[in-house]
Amino acid sequence: MRSGELTDQTVVITGGAGFIGSHLATALDSASGVRILDDLTTGQRENIPDEAILFEGDLRDEDTLVQATDEIDIIFHEAALVSVQQSIETPLTSHEINVDGTLSLLEVARKQDARIVLASSAAIYGHPIHVPITEVHSKNPTSPYGLDKLTIDHYARLYHDLYDLETIALRYFNVYGPGQVAGDYSGVISVFIDQALSGEDITVHGDGDQTRDFVFIDDVVQANRKAATTDAVGEVYNIGTGESITIRELAELIQDITDTNSDIVHTEARTGDIDHSEADISKAKEHLDYEPSVSIREGLEQTIEWYRIHKE
Ligand code: NAD
């Protein structure tokens with residue numbers, strides 16, 4: 001087993017200029033030699049910590065990949081075409097980036113006997129049949145993005161079983177925190193905060209009884225760090241908080257923390273919205289020693305503080 005810290009390791013973070021990857025890059029000890037492979041499609045140069053080295057380019061470009069991954073010990077794979085909507089419009093591109101790109105990385109890891117920690121997603125479950133969702137819950141992704149993630153999640157396990165590679169797939173639920181731009185996952189938080197800070201009505205689609213498991217970025221970083229050192233490899237883990245709140249409660253919390261005069265109003269329900277989502281995180285707790293540490297209120301306070309500074 002590797003030591004608990006990553007100080008002696010050479011680390012590559014794909015997608016390290018993005019929301020999750022840049023928080024991870026900042027959290028890792030600079031002595032571990034963090035490299036970032038990112039084409040800056042959705043990521044931003046200013047997200048990258050000073051000590052990290054950027055290899056700017058597409059994951060699918062062999063030269064970039066070879067340069068960025070020369071003599072590495074650990075790969076954190078965060079890069080992806082992350083937009084569900086875009087994956088529906090361009091499934092082939094989605095597959096090329098999300099599946100073929102990941103397969104190339106797995107091959108790199110195989111050649112170098114490097115550990116690889118992959119970002120999978122709760123999107124693989126589709127509309128849950130029951131909550132909380134365990135890792136063995138049925139998988140019925142409703143988008144090419146979700147299917148791509150399910151495919152790489154399987155590949156991770158297969159590379160462990162076939163080649164004894166140290167792979168781990170982390171199935172993130174709805175990650176949120178400072179630095180996140182509105183997107184498919186926690187867009188609702190960004191939208192509500194924007195509305196609350198500008199004094200507009202906070203718009204809840206439908207009755208607001210839909211539930212989500214929002215997990216703060218620091219806890220996702222914690223899960224990645226623990227995945228980098230665990231013995232329990234060749235496994236998949238749900239990464240959420242194990243608790244969920246309704247969208248209505250979320251709106252009320254944001255209303256309260258921002259101390260806004262905004263009202264909460266209800267608009268038409270969105271078709272295809274998942275009703276309920278909540279991770280069962282017992283497996284990550286048991287094998288990764290993962291323990292979510294940031295409550296939704298604390299996490300929102302930090303996120304709102306960031307928005308006040310950066311978006312006003
Ligand atoms: P993000 O868009 O902020 O980060 C993705 C990064 O990948 C960006 O910096 C982008 O420039 C880079 N990238 C995209 N295509 C690339 C390519 N072909 N080559 C090189 N770099 C490329 O998204 P995020 O929220 O930080 O998501 C990180 C990972 O976590 C993704 O794999 C995403 O699918 C997964 N995920 C995120 C959430 C969430 O709630 N944010 C939930 C589940 C899974």
Side-chain angles (χ1 to χ4, degrees), residues 12-26 35-48 52 54-65 67-69 75-84 86-87 90 93-105 116-125 133 141 143-153 156 169-190 212-217 219-221 223-224 227 236-241 274 277 279 299 303:
V12 176
I13 305 175
T14 71
F19 167 52
I20 296 174
S22 65
H23 276 273
L24 185 58
T26 305
R35 300 181 198 169
I36 285 173
L37 192 172
D38 201 301
D39 66 357
L40 304 180
T41 43
T42 54
Q44 286 164 1
R45 201 179 290 275
E46 54 268 30
N47 287 347
I48 298 174
L54 172 64
F55 293 79
E56 186 178 340
D58 194 310
L59 173 67
R60 295 165 294 171
D61 175 65
E62 201 180 336
D63 288 346
T64 312
L65 191 60
Q67 284 167 26
T69 57
I75 302 170
F76 292 99
H77 179 35
E78 304 298 326
L81 186 150
V82 296
S83 163
V84 168
Q86 209 177 321
S87 83
T90 59
T93 307
S94 180
H95 183 93
E96 285 167 6
I97 296 174
N98 294 344
V99 179
D100 297 345
T102 302
L103 210 45
S104 303
L105 269 181
I116 179 163
V117 181
L118 301 174
S120 182
S121 167
I124 69 172
Y125 298 113
I133 302 167
S143 65
Y145 169 82
L147 183 54
D148 293 344
K149 289 290 180 184
L150 181 56
T151 308
I152 66 167
D153 189 295
L170 299 178
R171 296 175 181 166
Y172 305 151
F173 278 62
N174 295 82
V175 191
Y176 72 101
Q180 181 169 41
V181 289
D184 290 312
Y185 284 109
S186 302
V188 62
I189 289 185
S190 317
R212 294 289 179 275
D213 185 337
F214 292 106
V215 55
F216 191 61
I217 183 66
D219 287 324
V220 171
V221 168
N224 274 278
V236 296
Y237 298 99
N238 283 342
I239 301 300
T241 63
I274 284 171
S277 178
T303 310

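The structure displayed is predicted, hence computed values, not measured ones. Atoms within a ligand are numbered from 1 in the order they appear, just like the ligands themselves.
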Proximal ligand 1 atoms for [X], defined as those under 4.0 Å from one of its heavy atoms:
{"X": "Ser121", "value": "43 (C), 44 (C)"}
{"X": "Gly57", "value": "19 (N), 20 (C)"}
{"X": "Ala17", "value": "9 (O)"}
{"X": "Ala119", "value": "29 (C), 30 (O), 32 (O), 35 (C)"}
{"X": "Gly18", "value": "3 (O), 4 (O), 8 (C), 9 (O)"}
{"X": "Gly43", "value": "8 (C), 9 (O), 10 (C), 11 (O)"}
{"X": "Lys149", "value": "31 (C), 32 (O), 33 (C), 34 (O)"}

Within this structure, what is the [atom1]-[atom2] distance for the pair [X] and [Y], rounded to the nearest 0.5 Å?
{"X": "Ile13", "Y": "His77", "atom1": "CD1", "atom2": "NE2", "result": "13.0 Å"}
{"X": "Thr41", "Y": "Gln86", "atom1": "OG1", "atom2": "CD", "result": "8.5 Å"}
{"X": "Asn174", "Y": "Ser121", "atom1": "CG", "atom2": "OG", "result": "8.5 Å"}
{"X": "Thr42", "Y": "Phe19", "atom1": "OG1", "atom2": "CZ", "result": "12.0 Å"}
{"X": "Leu170", "Y": "Ile239", "atom1": "CG", "atom2": "CD1", "result": "5.0 Å"}
{"X": "Leu105", "Y": "Ile152", "atom1": "CG", "atom2": "CD1", "result": "9.5 Å"}

Give yes if a backbone or side-chain nitrogen or oxygen of [X] is under 3.5 Å from a nitrogen or oxygen of ligand 1, and no if not.
{"X": "Gly16", "value": "no"}
{"X": "Ile97", "value": "no"}
{"X": "Asp39", "value": "yes"}
{"X": "Gln44", "value": "no"}
{"X": "Asn174", "value": "no"}
{"X": "Arg60", "value": "no"}
{"X": "Tyr172", "value": "no"}
{"X": "Leu37", "value": "no"}

Between [options], flag the one that comes closest to [atom] by a heavy atom.
{"atom": "atom 14 (C) of ligand 1", "options": "Ser83, Ala79, Gly15, Ala80", "answer": "Ala80"}
{"atom": "atom 19 (N) of ligand 1", "options": "Leu81, Thr93, Leu59", "answer": "Leu59"}
{"atom": "atom 33 (C) of ligand 1", "options": "Tyr145, Tyr176, Phe214", "answer": "Tyr145"}
{"atom": "atom 26 (O) of ligand 1", "options": "Ile189, Ile13, Ile20", "answer": "Ile20"}

Test ring pair (Phe, Tyr, Trp, His ring centres under 6.0 Å) applied to Phe214 and Phe173, step by step: CA-CA 7 Å; Phe214 292 106; Phe173 278 62; over 10 Å; no
[X] versus [Y]: any side-chain heavy-atom pair under 4.5 Å?
{"X": "Leu118", "Y": "Asp153", "value": "no"}
{"X": "Leu65", "Y": "Ser104", "value": "yes"}
{"X": "Asp39", "Y": "Leu59", "value": "no"}
{"X": "Phe216", "Y": "Thr303", "value": "yes"}
{"X": "Asp58", "Y": "Thr64", "value": "no"}

Does even one non-hydrogen atom of [X] get within less than 4.0 Å of ligand 1?
{"X": "Ser120", "answer": "yes"}
{"X": "His77", "answer": "no"}
{"X": "Ser22", "answer": "no"}
{"X": "Asp38", "answer": "yes"}
{"X": "Gly101", "answer": "no"}

For ligand 1, is any non-hydrogen atom under 4.0 Å from [X]'s backbone (N, CA, C, O), its side chain (CB onward), both, or neither?
{"X": "Leu40", "answer": "backbone"}
{"X": "Phe173", "answer": "backbone"}
{"X": "Thr41", "answer": "both"}

Stepwise salt bridge (Lys or Arg N to Asp or Glu O under 4.0 Å) check, Asp100 with Arg60: CA-CA 8 Å; Asp100 297 345; Arg60 295 165 294 171; over 6 Å; no
Side-chain donor-acceptor contact under 3.5 Å, Ser277 with Asp213: no
Option from Val99, Asn98, Thr102, Ile124 for which side chain to side chain contact (heavy atoms under 4.5 Å, CB included) with Thr151 holds: Val99
Neighbour count >12 (heavy atoms, 6.0 Å) for atom CD, Glu62: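 No, because the 6.0 Å sphere around CD of Glu62 holds 12 heavy atoms or fewer from other groups.
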